[in-house]
There are 2 protein chains.
Amino acid sequence: MVEARAWQIVLERIEQDLLSGALQPGDHLPGERALAADLGVGRSSVREALRVLEVLGLIRTASGSGPRSGAIIVALPGGGMSALMRLQVAAQGFSVDDIVQTRLILETETVSRLAGNPDNRALTVPRTLLSAMDSANLTPEEFLTLDAQFHLSLTEALGNHVLTATMAGLRSSIEAYVQSGLPGLASWPATANRLRHEHRELTDAITAGNVELARTVIHDHITDYYVETGLAERSGESVPAPAR
Amino acid sequence: MVEARAWQIVLERIEQDLLSGALQPGDHLPGERALAADLGVGRSSVREALRVLEVLGLIRTASGSGPRSGAIIVALPGGGMSALMRLQVAAQGFSVDDIVQTRLILETETVSRLAGNPDNRALTVPRTLLSAMDSANLTPEEFLTLDAQFHLSLTEALGNHVLTATMAGLRSSIEAYVQSGLPGLASWPATANRLRHEHRELTDAITAGNVELARTVIHDHITDYYVETGLAERSGESVPAPAR
């Protein structure tokens with residue numbers, strides 16, 4: 001058994017307080033000095049634990065002094081999942097192909113569920129984003145940003161925060177690769193038109209309650225884009241690092 | 001635009017070095033002093049960034065001094081996903097129901113793929129774990145540990161590291177809740193026998209290439225256990241915190 005290091009003691013204490021309900025979302029954490037004294041560790045160890053909690057999306061640190069300063073429990077997982085997956089892709093712990101395959105699984109299930117229980121309100125945000133993407137004045141980067149928001153808005157419509165945070169993490173983990181694939185396209189306007197057309201096919205299939213069609217459209221839509229930009233092979237070969 | 005804080009500057013630099021290939025898995029990071037001097041930040045900021053990388057499963061820090069000491073790039077995402085999801089469940093960023101629903105999606109897809117492409121080697125580890133679970137001498141906690149390993153071994157057989165790390169994170173995020181559900185069971189021996197039976201049904205369905213049966217068995221297996229222990233309602237109601 002390895003002895004817990006000082007910063008781990010701080011993390012464990014905060015986790016226990018969250019589990020017991022002694023700490024709740026919206027609560028302020030005790031200050032650095034109080035936590036350090038209470039746990040018998042140095043203030044630098046407290047700060048290290050707070051950084052970890054911040055990156056994982058557990059706390060937000062406010063600047064300034066007074067009762068409104070210090071760290072607040074927020075429990076917003078999206079940023080933490082994105083940081084983790086992005087860094088793991090950068091460090092080759094996750095391959096781009098494995099990210100894309102996992103995205104395919106979750107997004108196919110997403111559109112299946114939406115089409116299986118058609119509800120026009122669920123498509124309000126996605127349709128607004130599609131209208132925005134019809135503009136001819138968008139740069140490829142702007143278009144791709146809206147595109148990512150469109151896909152995420154479909155998962156958000158299901159109301160499962162774990163799915164949403166995971167999808168956000170998967171997408172942002174390969175953001176640099178998606179952007180770096182642009183120069184490899186034969187014609188951006190042609191690709192943009194194809195993407196617009198496929199997005200409408202998808203929302204129409206969902207509205208019509210056609211589960212099988214929605215599954216086929218999303219699968220081909222995602223796979224074709226990664227193949228077209230040279231980011232992934234259907235055979236699952238590895239992918240070069242993006243230019244930075 | 002918020003100015004990046006010192007520890008974020010360190011994180012971004014390491015991410016860039018990973019993306020460019022200047023840092024690779026197995027490489028040692030520069031020492032604290034060198035990183036601090038190079039980036040013009042304090043050593044405490046470097047240490048904060050290193051803790052973040054350690055919790056996210058990017059580096060392992062070795063103790064001692066000399067050329068073998070310091071932080072090594074490891075890129076092992078499982079622990080990071082578990083820490084993130086466990087803390088988000090504790091802080092109510094993720095609900096137990098959303099975790100269970102996401103687990104159902106990924107595990108149903110896992111057994112579909114295994115049954116769709118039956119390969120007896122894929123089931124070697126899962127079957128070994130099932131044999132271990134036949135022992136009458138296991139405590140409920142030991143049984144549940146093997147049970148978790150069995151389920152994870154099915155996903156591992158697919159060879160997708162993103163799926164595996166996500167499944168490991170989902171399962172460990174509700175570990176405390178799973179164990180706390182034990183006293184709510186009418187009879188542990190009866191539950192254990194039912195779980196053993198369902199596990200065999202599942203591996204038999206996979207071996208037989210029966211995708212539909214494998215999907216049904218895994219769905220009912222997971223759902224029934226959470227309902228039986230009072231951890232989840234089929235209706236998706238919220239779940240009380242576990243005793244600690």
Side-chain angles (χ1 to χ4, degrees), chain A residues 7 11 14-21 23-25 44 47-59 73-77 80-81 83-95 97-99 101-103 105-106 108-109 159-163 165-166 170 173 176 241-242 244, chain B residues 7 11 14-21 23-25 44 47-59 73-77 80-81 83-95 97-99 101-103 105-106 108-109 159-163 165-166 170 173 176 241-242 244:
Chain A
W7 62 278
L11 264 191
I14 292 171
E15 182 177 359
Q16 277 170 31
D17 285 350
L18 288 167
L19 278 171
S20 73
L23 277 176
Q24 305 261 357
S44 64
R47 251 191 321 268
E48 290 167 21
L50 293 182
R51 293 303 162 255
V52 169
L53 290 171
E54 187 170 346
V55 170
L56 293 181
L58 269 301
I59 62 172
I73 307 287
V74 290
L76 297 170
M81 289 290 268
L84 191 157
M85 291 192 183
R86 208 179 62 238
L87 282 158
Q88 286 292 348
V89 170
Q92 305 169 41
F94 287 155
S95 72
D97 265 2
D98 283 357
I99 293 276
Q101 287 302 319
T102 305
R103 184 183 160 195
I105 292 172
L106 294 180
T108 304
E109 183 66 21
N160 180 320
H161 296 303
V162 178
L163 266 188
T166 306
L170 292 170
S173 72
R244 285 281 282 219
Chain B
W7 61 278
L11 264 191
I14 292 172
E15 181 176 359
Q16 277 170 32
D17 285 350
L18 288 167
L19 278 171
S20 73
L23 277 176
Q24 304 262 357
S44 65
R47 248 189 326 264
E48 290 166 22
L50 294 182
R51 292 304 162 255
V52 168
L53 290 171
E54 186 170 346
V55 170
L56 294 181
L58 269 302
I59 63 171
I73 306 288
V74 290
L76 297 170
M81 289 290 268
L84 191 158
M85 292 193 182
R86 210 180 60 238
L87 283 159
Q88 286 292 349
V89 169
Q92 306 169 42
F94 286 156
S95 73
D97 265 3
D98 284 357
I99 293 275
Q101 288 301 318
T102 306
R103 185 184 158 193
I105 292 171
L106 293 180
T108 303
E109 183 66 22
N160 180 320
H161 295 305
V162 179
L163 266 189
T166 306
L170 292 170
S173 73
R244 283 283 282 220

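By convention in this document, chain letters (A, B, ...) are assigned in the order of the sequence lines, proteins followed by strands, and residues within each chain are numbered from 1.
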Pick from Pro25(A), Ser44(A), Gly21(A): which one has the most heavy-atom pairs with chain B under 4.5 Å?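 It is Pro25(A).
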Specify the closest pair of heavy atoms between Leu58(A) and Leu87(B), including all atoms of both residues, with the distance to one decimal.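 The answer is CD1-O, 3.6 Å.
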For residues His161(A) and Gly93(B), report the shortest heavy-atom separation together with the two atoms involved.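 His161(A) and Gly93(B) have their closest heavy atoms at CB-O, 4.0 Å.
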Please check if the side chain of Gln92(A) supplies one atom and the backbone of Leu18(B) the other of a donor-acceptor pair under 3.5 Å.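 Not a single qualifying donor-acceptor pair exists.
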Segment of Met85(B) engaging chain A (4.5 angstrom heavy-atom cut-off):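 Just the side chain, heavy atoms under 4.5 Å.
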In terms of heavy-atom proximity below 4.5 Å to chain A, should Ala165(B) be classed as side chain, backbone, both, or neither?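 The side chain, not the backbone.
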Is there side-chain contact between Met81(A) and Leu84(B), with at least one heavy-atom pair below 4.5 Å?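 Yes, at least one pair of side-chain atoms sits under 4.5 Å.
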Quick one: of [options], who has the most non-hydrogen atom pairs under 4.5 Å with chain A?
{"options": "Ile73(B), Leu53(B), Leu170(B), Leu76(B)", "answer": "Leu76(B)"}
{"options": "Asn160(B), Val52(B), Leu56(B)", "answer": "Asn160(B)"}
{"options": "Gln88(B), Glu48(B), Glu109(B)", "answer": "Gln88(B)"}
{"options": "Val89(B), Asp17(B), Ile105(B)", "answer": "Ile105(B)"}
{"options": "Ser173(B), Ala75(B), Ala83(B)", "answer": "Ala75(B)"}

Test side-chain contact (heavy atoms from CB on, under 4.5 Å) on Asp98(A) and Leu163(B) and set out the steps. CA-CA 8 Å; Asp98(A) 283 357; Leu163(B) 266 189; over 6 Å; no
How long is the straight-line distance from CG of Leu50(B) back to CZ of Arg51(A), given to the nearest 0.5 Å?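 It is 13.5 Å, given to the nearest 0.5 Å.
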Could you tell me the separation between the CZ atom of Phe94(B) and the OG1 atom of Thr166(A), rounded to the nearest 0.5 Å?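 The OG1 atom of Thr166(A) is 5.5 Å from CZ of Phe94(B), to the nearest 0.5 Å.
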